[in-house]
Visitor: 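Following this message is one structure expressed as structure tokens.
Here is how names work: the chains are called A, B, and so on, in the same order as the sequence lines, proteins then strands, and each is numbered from 1. All values below were derived from every heavy atom in this structure, side-chain atoms included, with hydrogens, water molecules and symmetry-related copies excluded.
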Amino acid sequence: MDAKRSSISKNLLTWYDAHRRVLPWRALPGEVPDPYRVWLSEVMLQQTTVAAVRPRFAAWVARWPDFASLAAADDADVMAAWAGLGYYARARNLVKAAKAVVADHDGAFPRTEAQLRTLPGLGAYTAAAVAAIAFGERAVVVDANVERVVARLFAIDTPLPAARPAIRVAADTITPDARAGDFAQAMMDLGSGLCTVRAPKCLLCPLREDCAAFAEGQPERLPRKAAKRVRPQKYGTIFWLRRGDTVRLVRRPPKGLLGGMRALPTGPWATEPPALTDAPAAADWRILPVTIRHGFTHFDLELTLAVGVGEAQEDGEWWPIADLSAAGLPTLFAKAAEAVIESTAAEAVIGRDV
DNA sequence: GATGCGTGGTT
DNA sequence: TAACCAAGCAT
């Protein structure tokens, strides 16, 4: 087993030196990693693809290039800048963590996995990844890529998530003492480029000779996963309350779904197609002949669009419709706004007032 | 350990 | 195209 261990890390690091991806947040060989950029990229990449993160990372570091600037940032600006990336608790925790770094750590990012783990938004994976990549600490870095690679290397047949403890132990055995950050990033490059979920490119893989799943002939069979539950269907109403050339926006509650985000007013999510519950004004609501479908992780939503003109009854702000893209709306509401604007524009052409 | 939490890319 | 999935975390 020791021979297999050293063979894996040696072959992987050799492969990494030749094939490593060049990414905006990744230090080139010989460069010193910027802990802020490493941390920010790791958080952005949680459950999010490299392709989606690339442009958002560039815009973010241009605006908030370090802990101090982010700690001093306006909450509304930060949430708007995160709009469209999803899992908005990540953005709320970024600010909390930046403030903690400034207030409790004298402006310097903690350098050990254990200290990093205490910051909001840094869980087992991210704390280990930052400790290894930014500070060179030997840490066992296990994300979905590593789970897949390790489950195949050792032919771990237990379905996820029950296999996680065994995968972690196995990952620990192959993690080298030196170049821990490169090793972690190499595992992720391997997982995303070669050891993919479907049709892994085993003939290009530097770990082929040590891979039990390859030897068994069906590496794509692993890791096994527990059966998914069907996502329930829910219904809701989005209210487009217009005043002149502005529309009413509200701020969602700080926790929960789309927490802390600017939004269009909505009714409750219900199991049946809803009525005009929780309308933000006593307007003469008209239902548009379109519905918005939006899938969340845990349920599907079908939304009715109600448009009206009137004065608002609750807290919020009147936002220029022409400048709605600057409001930082979550994708769900951006889709709804686009549908309303398209629909009413079409009606204007045929001479109907909205 | 299970559940809540988004969205865009890929197949 | 519908389904699957992603550099997970908090509770």
Side-chain angles (χ1 to χ4, degrees), chain A residues 20-21 23-26 37-57 79 82-94 96-97 116-134 139-149 159-165 168 171 181 183-193 195-199 220 223 225-232 234 252-261 263 269 292-301 328-335:
Chain A
R20 51 184 287 158
R21 284 181 291 178
L23 298 169
W25 46 85
R26 187 179 276 184
R37 294 167 67 95
V38 172
W39 165 64
L40 175 64
S41 68
E42 290 300 341
V43 173
M44 281 191 169
L45 287 161
Q46 288 167 7
Q47 302 290 285
T48 309
T49 60
V50 167
V53 166
R54 250 181 210 284
R56 309 301 296 266
F57 178 84
M79 298 314 289
W82 197 270
L85 274 174
Y87 288 138
Y88 297 98
R90 292 184 294 172
R92 303 194 297 266
N93 284 334
L94 277 178
K96 287 183 193 168
L116 288 163
R117 189 70 175 76
T118 67
L119 292 171
L122 282 95
Y125 163 76
T126 304
V130 172
I133 296 169
V140 182
V141 181
V142 183
D143 73 327
N145 289 300
V146 177
E147 283 181 352
R148 187 166 58 254
V149 172
L160 289 171
R164 294 228 161 93
R168 182 178 183 79
F183 180 81
Q185 294 176 95
M187 289 287 277
M188 294 189 272
D189 279 12
L190 188 78
S192 75
C195 197
T196 51
V197 176
R198 294 180 279 267
E220 69 281 357
K225 294 190 177 179
K228 302 189 189 332
R229 297 184 319 168
V230 293
R231 292 192 295 186
K234 296 187 181 181
R252 292 181 61 83
K255 293 181 180 179
L257 190 74
L258 308 174
M261 297 299 289
W269 309 146
I292 300 293
R293 296 178 185 283
H294 191 79
F296 291 104
T297 307
H298 47 304
F299 65 95
D300 288 317
L301 196 54
L329 295 178
T331 298
L332 162 62
F333 297 108
K335 282 202 290 191

Visitor: NA contact type, A:Ala162, heavy-atom cut-off 4.0 Å: base, sugar-phosphate, or nothing?
Guide: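 Since no nucleic acid heavy atom lies under 4.0 Å of A:Ala162, the category is nothing.
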Visitor: Over how many whole Å does the gap from A:Glu147 atom CD to C:dA6 atom C1' extend?
Guide: 12 Å
Visitor: Using a cut-off of 4.0 Å on non-hydrogen atoms, how would the nucleic acid contact of A:Ser41 be classed: base, sugar-phosphate, or nothing?
Guide: nothing
Visitor: When all nucleic acid strands are considered with a 4.0 Å heavy-atom cut-off, which category describes A:Ile133: base, sugar-phosphate, or nothing?
Guide: nothing
Visitor: Can you find an N or O donor on one side and an acceptor on the other, under 3.5 Å apart, linking the side chain of A:Arg117 with the base of C:dA10?
Guide: no
Visitor: I need the CG-P distance between A:Leu160 and C:dG8, as an integer number of Å.
Guide: 12 Å
Visitor: Categorize A:Arg164 for me: base, sugar-phosphate, or nothing, with a 4.0 angstrom heavy-atom threshold over every strand shown.
Guide: nothing
Visitor: List the steps, then state whether side-chain contact (heavy atoms from CB on, under 4.5 Å) holds for A:Arg164 with A:Val142.
Guide: CA-CA 9 Å; A:Arg164 294 228 161 93; A:Val142 183; over 6 Å; no
Visitor: Measure the shortest side-chain to side-chain distance between A:Trp39 and A:Leu116 over non-hydrogen atoms and say whether it is less than 4.5 angstrom.
Guide: no
Visitor: Roughly how far apart, to the nearest Å, are C:dC9 and B:dG9 at atom C1'?
Guide: 22 Å
Visitor: In the 5'-to-3' direction, what one-character label does each nucleotide of nucleotides 3-11 of chain B receive under the scheme B = base within less than 4.0 Å of a protein heavy atom, S = sugar-phosphate only, - = no such atom?
Guide: SSBBBSS-S
Visitor: Could you tell me whether A:Ala144 contacts a base, only the sugar-phosphate backbone, or nothing, with contacts defined as non-hydrogen atoms closer than 4.0 Å?
Guide: sugar-phosphate
Visitor: Taking the P atom of each, how far is C:dA7 from B:dT11, in whole Å?
Guide: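 These two P atoms come out 13 Å apart once rounded.
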Visitor: Rounded to whole Å, please give me the gap between NZ in A:Lys225 and C1' in C:dC5.
Guide: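 The answer, rounded to whole Å, is 7 Å.
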Visitor: CZ of A:Phe296 to CZ of A:Arg231: how many Å apart, nearest 0.5 Å?
Guide: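 So the CZ of A:Phe296 and the CZ of A:Arg231 are separated by 10.0 Å.
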Visitor: Keeping A:Arg56 on the side-chain end and A:Gly84 on the backbone end, is there a donor-acceptor pair under 3.5 Å?
Guide: no
Visitor: Atom CG of A:Asn145 and atom P of C:dA7: how far apart are they, to the nearest Å?
Guide: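 In whole Å, C:dA7 P lies 4 Å from A:Asn145 CG.
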Visitor: Considering every strand and a 4.0 Å limit on heavy-atom distances, what is the contact class for A:Trp39: base, sugar-phosphate, or nothing?
Guide: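 The residue A:Trp39 makes no contact with any strand.
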Visitor: Figure out the NZ/P separation between A:Lys255 and C:dA10, and round it to whole Å.
Guide: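 To the nearest whole Å, that distance equals 12 Å.
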Visitor: Please report the distance separating the C1' of C:dA6 from the corresponding atom of B:dC5, rounded so that it comes out in whole Å.
Guide: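 It works out to 14 Å between them.
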Visitor: Separation of A:Asp143 atom CG from C:dA7 atom C1', in whole Å?
Guide: 5 Å
Visitor: Starting from C1' on C:dC9, measure out to CH2 on A:Trp82 and report it in whole angstrom.
Guide: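 Atom-to-atom, A:Trp82 to C:dC9, this comes out as 12 Å.
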Visitor: Between A:Arg92 (side chain) and A:Lys255 (backbone), is there a donor-acceptor pair under 3.5 Å?
Guide: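 Not a single qualifying donor-acceptor pair exists.
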Visitor: Start with the C-alpha distance between A:Gln185 and A:Leu23, add both sets of side-chain angles, then the distance that settles side-chain contact (heavy atoms from CB on, under 4.5 Å), and finish with yes or no.
Guide: CA-CA 11 Å; A:Gln185 294 176 95; A:Leu23 298 169; over 6 Å; no
Visitor: Measure CZ/A:Arg20 against C1'/C:dA7 and give the value in whole Å, please.
Guide: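 Rounded to whole Å, this separation is 15 Å.
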Visitor: Are the side chains of A:Ile133 and A:Trp25 in contact, using a 4.5 Å heavy-atom criterion?
Guide: no
Visitor: Does A:Arg26 make a side-chain N or O approach to OP1 or OP2 of C:dA7 shorter than 4.0 Å?
Guide: no
Visitor: Residues in ring-ring contact (aromatic ring centres under 6.0 Å, His included) with A:Tyr87, at least two apart?
Guide: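 ring-ring contact (aromatic ring centres under 6.0 Å, His included) check on A:Tyr87 returns nothing, list empty.
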